[in-house]
Amino acid sequence: MPLQLIDNIADFRRWRAALDPKFSVGFVPTMGALHLGHISLIEAAKNQSDIVVCSIFVNPTQFTNPDDLLKYPRSLAKDQDLLVGAGAHVLFLPTASDMYGQEYMLKFDFGVLENTMEGEFRPGHFNGVALVVSKLFHLVKPHKAFFGQKDLQQVAVIKDLVNALSFEVEVLRCPTVRSEKGLALSSRNQRLSQKELEEASIIYQTQLRVISELKNGQLVEDAIENGIRFFRQTRNYNLEYLQVVYADTLLVYTNEETKKELAVCIAAPFGSVRLIDNVIFTLD
Ligand code: PAF
């Protein structure tokens, strides 16, 4: 089945209504500038669904920095080729005026999930994500939706959204895809210089170091302090946060014995690009 392009909500609704209910729908929402991380989500969706829908929509309501929205990479022709190669069935490309015909006042409150880490640096970001994902879920009516682990806080917010609003969709967190040097793939990496690209692997090295110290019995506050020192000594980049949290609730880990999944999370600007990453681990 060739890739079908649908560029407006009315046509998409018609397509969705006509789809035989015997087919399960897997959904990969994106903002385009696709890379192998997105393709791994398409592959996961293909393995677990009959029909794979991918959306590309650079969602204005989730950008707190207008310059970031302006500079967000766009590469539709290449994206389409990648989607054809990966075997996606439908590409939904709504326009901003179609998605947001009016000013939106709708406000979500995800408590700690939206106030910690990214929430502190990008106020309003998760409100915009929740708004657009709700709209997309209503239109696409997917059985399963696939999100990358790199945006761990986004996954937690979307799971909460799905529970709170009783969406009938299973949200799947899929593993981060990394470069050879360990840098988590991200559309924003395109805006890094060659030097920044190489140096940004310090993020992953720092995370592995923190995990190794914790596994060796170090207290979390010491492991974090050592991690921050390691990050700053190696390259003089700013570090916005380095935290160890529970991977599902994002509550801060404070040395208690646990078998639950933890995550070491980092945000750091490299030049004008803000990178985030996390690694999930357990202590047993
Ligand atoms: O992760 C992204 O690319 C975006 O936040 C999403 C989920 C497509 C919503 O705009």
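Indexing begins at 1, ligand by ligand and atom by atom, following the structure's order.
Residue Leu113 holds its CG atom at 9.5 Å from CG of Asp248, rounded to the nearest 0.5 Å. Distance check: Asn47 CG to Lys144 NZ gives 10.0 Å after rounding to the nearest 0.5 Å.
The aromatic rings of Phe167 and Phe137 sit perpendicular to each other, their planes meeting at more than 60°, with 30° as the lower class boundary.
Which parts of ligand 1 touch Gln62 is read off a 4.0 Å heavy-atom cut-off, strictly below it: atoms 4 (C), 5 (O), 9 (C), 10 (O). Near Thr30, meaning under 4.0 Å from one of its heavy atoms, ligand 1 places the atoms 8 (C). The atoms of ligand 1 that sit less than 4.0 Å from any heavy atom of Val132 are 9 (C), 10 (O).
When each of Asp151, Asp68, Asp277 is paired with Arg188, the salt bridge (Lys or Arg N to Asp or Glu O under 4.0 Å) condition holds for Asp68 and for no other.
Counting heavy atoms closer than 4.0 Å to ligand 1, residue Ile158 contributes nothing at all.
A heavy-atom distance below 4.5 Å is not found between the side chains of Phe231 and Leu242.
Protein heavy atom in closest approach to atom 1 (O) of ligand 1: Gln154 NE2, 2.8 Å.
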